[in-house]
2 protein chains.
Amino acid sequence: MKDFYAQFDFQSNLLFDALTVSEKNKVFTAMEPLFIPKGSRLFYEEGIPTGIFQLKKGKAKKIKRGFSGSEQIFYIYTAGDVLGYHALFGEERYQDSCEALEDLEVSFIPKDVFFALLKSIPTLQQTFIKNIGHEFGVLANIIAVLAQKNQHARLAINLLILDHRFNQQCQDYNGIDLTREDLANIIGTSPESLGRSLKHFREQGIIVVEKRVIYIKNKQALFQLLQMEVDF
Amino acid sequence: MKDFYAQFDFQSNLLFDALTVSEKNKVFTAMEPLFIPKGSRLFYEEGIPTGIFQLKKGKAKKIKRGFSGSEQIFYIYTAGDVLGYHALFGEERYQDSCEALEDLEVSFIPKDVFFALLKSIPTLQQTFIKNIGHEFGVLANIIAVLAQKNQHARLAINLLILDHRFNQQCQDYNGIDLTREDLANIIGTSPESLGRSLKHFREQGIIVVEKRVIYIKNKQALFQLLQMEVDF
DNA sequence: TTTTAAACCTAACATTTGTTATGTTTAAAT
DNA sequence: ATTTAAACATAACAAATGTTAGGTTTAAAA
């Protein structure tokens, strides 16, 4: 297992990393601050794209409504992530929605400004398109997990992914803070059934739960559940 | 339900439709014929991209190996489909493999020739990138189905999709001809358990099976299993 | 054609997951 | 601080799915 987390991470926080200092300045000065309250949406499925977003603070879920009502969460964005560019490149409508899980501080680049940036910074377009290709592979991996793993394993894998994504940047360890419904909508089960798996992990000492926050105590045990080599 | 099938179809057989006659000629004269025997692969996960492919005859499966061995099929290509361009745009390696389900007749455009075409035909690049965005939405829909639907419903939806994809072009109705293992690897179950669902559909008169080929007799019943408005 | 291996079908039993129901805790609103 | 609604935990039972094993059919190889 070369790079477990990269297989499931869009890595859209690294999109501007390849730029020079002056190019980065060009991008950052083009940004407009935006405040999105918890529960509101940055964009809607079928909506017309207006620009791209970077999360400065807070978390957001990318969702697609299944055709029998319920919503499927297929990604959780965290601070630093850039999003909303797929539809822009394709000159089409949004394929999915993005909803704030907390109050968000966002940097926004309007469509026209973004296209001007693409022209003036030659490497930028390829960086974005390359990332779309990578994200395509991430979705394929998520498909494989949902199709092949049982509920315990799906929970295990997603706990590892979310724990890594939520806590890689910050110094202190904050665990995983999501509603049971959201977590259930990620791993593809009901909140009640999810509770059963969480209880099982608690009894094994793999996790500790305080209020609704999940803290991982034994990563190795989670990896073993996936029958994988450990490498973290 | 506006367009059920489009939600699950890459529509990569339409990529050249927007071109003028002379542009199409440019593309078609750049193609080299290729023969791929059943069971061989057009390209491999982690491999370096060499060009793009169009299936002239035959079917191929796009697969991603899950990290505990087994393969996940997340798309079946049919005659007319263009594929292999994701990795080319991103200047990266293939994210997945593509294996011939039958002997294939393929048209191949080498990487350099393809890039030259992109330069000389301005609309081509946007058409391709737009389609990658569409395919992204298709994968998100597949994720929603795998996460939210039980086995009967997953089989029902995939029978509808495959039946449409395999039989929309040709005059005669050939049903769905796949090994039980491949079909199980699409809907995310074991061949034995798949057999149980197929038997159930047979007993209800929804399908007829001859040899291993599945013929749909009652589309409406399959749509009803998905609790959807019928529109076909 | 005959042989051989792979694919297929089915059933029985074990395990997992879905569903319903009830009570408790937590967070939001007054 | 008090009230109210949402979120959460748990258990019991029903239903779906996984797994193992047997025999049959089909397609490939000799």
Side-chain angles (χ1 to χ4, degrees), chain A residues 37-39 61 66 68-71 73 101-103 145-158 175-204 207-215 225-227, chain B residues 37-40 61 66 68-71 73 100-103 145-158 175-204 207-215 225-227:
Chain A
K38 175 178 176 177
K61 59 180 173 182
S68 40
S70 54
E71 75 176 31
I73 301 176
L101 290 172
E102 319 160 3
D103 288 347
V145 168
L146 286 170
Q148 297 178 354
K149 301 291 183 183
N150 66 17
Q151 187 173 293
H152 279 353
R154 293 201 306 274
L155 177 57
I157 213 170
N158 278 288
I176 301 162
D177 183 9
L178 286 174
T179 70
R180 293 294 170 264
E181 188 177 8
D182 279 343
L183 190 51
N185 284 340
I186 293 171
I187 73 166
T189 189
S190 63
E192 297 88 348
S193 198
L194 166 64
R196 181 161 39 201
S197 290
L198 285 173
K199 188 185 180 190
H200 181 247
F201 284 179
R202 267 192 291 131
E203 287 170 351
Q204 305 249 328
I207 61 171
V208 165
V209 179
E210 285 171 19
K211 300 285 174 69
R212 76 173 189 193
V213 185
I214 300 165
Y215 301 91
L225 239 94
L226 312 176
Q227 296 160 314
Chain B
K38 175 178 177 176
S40 294
K61 58 180 174 183
S68 40
S70 54
E71 75 176 31
I73 300 176
L101 290 172
E102 319 160 2
D103 289 346
V145 168
L146 286 169
Q148 298 178 353
K149 300 293 183 182
N150 66 15
Q151 187 172 294
H152 278 354
R154 293 202 305 276
L155 177 58
I157 213 169
N158 279 288
I176 300 163
D177 183 10
L178 286 174
T179 71
R180 293 295 169 262
E181 188 177 8
D182 279 342
L183 190 51
N185 284 339
I186 293 171
I187 73 167
T189 189
S190 62
E192 297 87 350
S193 197
L194 165 64
R196 183 160 36 201
S197 289
L198 285 173
K199 187 185 180 188
H200 181 248
F201 285 179
R202 265 191 292 129
E203 287 171 351
Q204 306 248 331
I207 61 170
V208 165
V209 179
E210 285 171 18
K211 298 288 173 68
R212 75 172 188 193
V213 185
I214 300 164
Y215 301 90
L225 239 94
L226 311 176
Q227 296 159 314

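Quantities reported herein were computed from a predicted structural model and do not represent experimental measurements.
Toward the 5' end of DNA chain C, the nearer of the two residues Ala147(B) and Arg196(B), judged by each one's closest nucleotide, is Arg196(B).
The distance between atom NZ of Lys211(A) and atom P of dT24(C), rounded to the nearest whole Å, is 19 Å. Rounded to an integer number of Å, the gap from NZ of Lys199(B) to P of dA16(D) is 16 Å. Distance Asn150(B) CG to dT17(C) C1': 11 Å, rounded to the nearest Å.
Counting only distance, with no hydrogens or angles, the side chain of Asp103(B) and the backbone of Lys38(B) share a donor-acceptor pair below 3.5 Å. The closest donor-acceptor contact from the side chain of Arg154(B) to the backbone of Ile186(B) lies at 3.5 Å or more, if one exists at all.
Taking the six-membered ring where the residue is Trp, His152(A) and His200(A) present parallel rings, their angle staying beneath 30° rather than reaching 60°.
Here Arg202(A) lies in heavy-atom contact (under 4.0 Å) with sugar-phosphate atoms only. Within the 4.0 angstrom heavy-atom criterion, only backbone atoms of the sugar-phosphate kind lie near Arg212(B); the bases stay farther away. Across all strands shown, Thr179(B) has heavy atoms under 4.0 Å from sugar-phosphate atoms exclusively, and none from any base.
Atom CD of Glu181(A) has 12 or fewer neighbouring heavy atoms from other residues, nucleotides or ligands inside a 6.0 Å radius.
Dashed line: the shortest gap from a side-chain N or O of Gln151(A) to OP1 or OP2 of dT15(C) is not under 4.0 Å.
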